[in-house]
Amino acid sequence: MTEVSEVSTENALMGGSGGTTIPSIKTRRAETTLEIPSGGSVAMAGLIQEQTKQAINGLPGVDQIPIFGQLFRSQDFVNHQTELMVIVTPYVVRAVAQKELSRPDDGFASASDSQSALLGRINRVYGVAARVDPVAGVQGNFGFIID
């Protein structure tokens with residue numbers, strides 16, 4: 001199932017005397033069910049959208065003068081096209097016991113405040129579980145891991 005959402009002025013709510021406009025959300029969806037072998041690929045395309053806009057701007061009053069007003073006008077033409085394509089390649093893998101799984105943050109030890117501020121370090125040791133020193137005063141998982 002694929003879904004694309006975007007902010008739209010269609011079906012927007014108009015506010016009271018303040019002239020506030022609350023935009024709506026326009027959603028397009030495509031869904032399919034299929035059966036393919038492990039390692040096989042499927043491409044699902046569609047959700048095509050095409051928007052064409054044309055606007056004429058000019059200097060008020062002067063742009064309305066016949067022939068001469070053309071010098072004080074500009075005409076904009078915008079054509080916007082999008083299409084979403086999703087390619088999926090599933091692989092069947094064997095089941096793994098919970099104790100054999102590893103997390104991306106296994107072996108991560110965050111840098112001390114002084115190392116972080118003065119040396120610009122994010123971590124002290126990454127990937128070597130035996131050398132990890134606990135951070136004093138902090139319990140549980142925290143921070144970000146950047147690869």
Side-chain angles (χ1 to χ4, degrees), residues 1-67 69-113 115-117 119-129 132 134-135 137-147:
M1 182 173 179
T2 305
E3 179 176 293
V4 178
S5 299
E6 63 183 321
V7 177
S8 174
T9 56
E10 295 176 20
N11 300 323
L13 299 174
M14 298 296 181
S17 61
T20 306
T21 302
I22 301 171
S24 64
I25 296 179
K26 185 176 176 182
T27 304
R28 297 175 288 144
R29 292 182 179 95
E31 183 177 347
T32 186
T33 304
L34 58 115
E35 187 175 321
I36 58 176
S38 177
S41 294
V42 64
M44 187 169 118
L47 298 176
I48 298 171
Q49 179 184 21
E50 184 172 348
Q51 294 178 340
T52 303
K53 296 178 184 177
Q54 185 173 7
I56 297 176
N57 298 316
L59 193 62
V62 180
D63 65 340
Q64 299 299 319
I65 299 172
I67 302 172
Q70 184 68 24
L71 298 172
F72 297 94
R73 274 193 298 242
S74 67
Q75 186 173 1
D76 296 328
F77 180 75
V78 178
N79 190 16
H80 183 74
Q81 298 175 335
T82 60
E83 180 176 2
L84 178 66
M85 180 173 182
V86 178
I87 300 174
V88 179
T89 305
Y91 292 97
V92 177
V93 296
R94 64 176 177 80
V96 179
Q98 184 70 28
K99 63 182 179 179
E100 293 178 15
L101 294 176
S102 63
R103 294 177 17 166
D105 62 346
D106 286 349
F108 176 78
S110 62
S112 66
D113 289 341
Q115 288 176 329
S116 177
L119 303 175
R121 293 188 180 152
I122 296 174
N123 61 320
R124 290 181 295 187
V125 177
Y126 185 76
V128 183
V132 175
V135 177
V138 179
Q139 303 244 339
N141 299 327
F142 62 93
F144 299 94
I145 296 176
I146 301 173
D147 287 332

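Positions are given from 1 along the sequence.
The line from CE of M14 to OG1 of T20 is 10.5 Å long, rounded to the nearest 0.5 Å.
In this structure, N79 and E50 have side chains that are in contact, with non-hydrogen atoms separated by less than 4.5 Å.
Between G39 and Y91, the closest heavy-atom pair is CA-CE2, 3.6 Å. Closest approach of G40 and I36 over heavy atoms only: O-CD1, 3.5 Å. Here the closest non-hydrogen pair linking P23 and A12 is CA-CB, 4.0 Å.
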Would you tabulate the side-chain donor-acceptor contacts of residues 55-67 under 3.5 Å, counting partners in other chains and residues two or more places apart, or write 'none'?
none

Throw together a table of side-chain donor-acceptor distances under 3.5 angstrom for residues 27-34, partners on residues two or more places apart or in other chains.
unit_1	atom_1	unit_2	atom_2	d
T27	OG1	S5	OG	3.4
R28	NH1	L47	O	2.4
R28	NH2	Q49	OE1	3.4
R29	NE	E3	OE1	2.7
R29	NH2	E3	OE1	3.4

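Few gaps surround CD on Q81; more than 12 heavy atoms of other groups in view lie less than 6.0 Å from it. Under a cut-off of 6.0 angstrom, the local environment of CG in D76 is crowded, with over 12 non-hydrogen atoms contributed by other residues, nucleotides or ligands.
Looking at S24, its side chain does come within 3.5 Å of a backbone N or O of E10 through a donor-acceptor pair.
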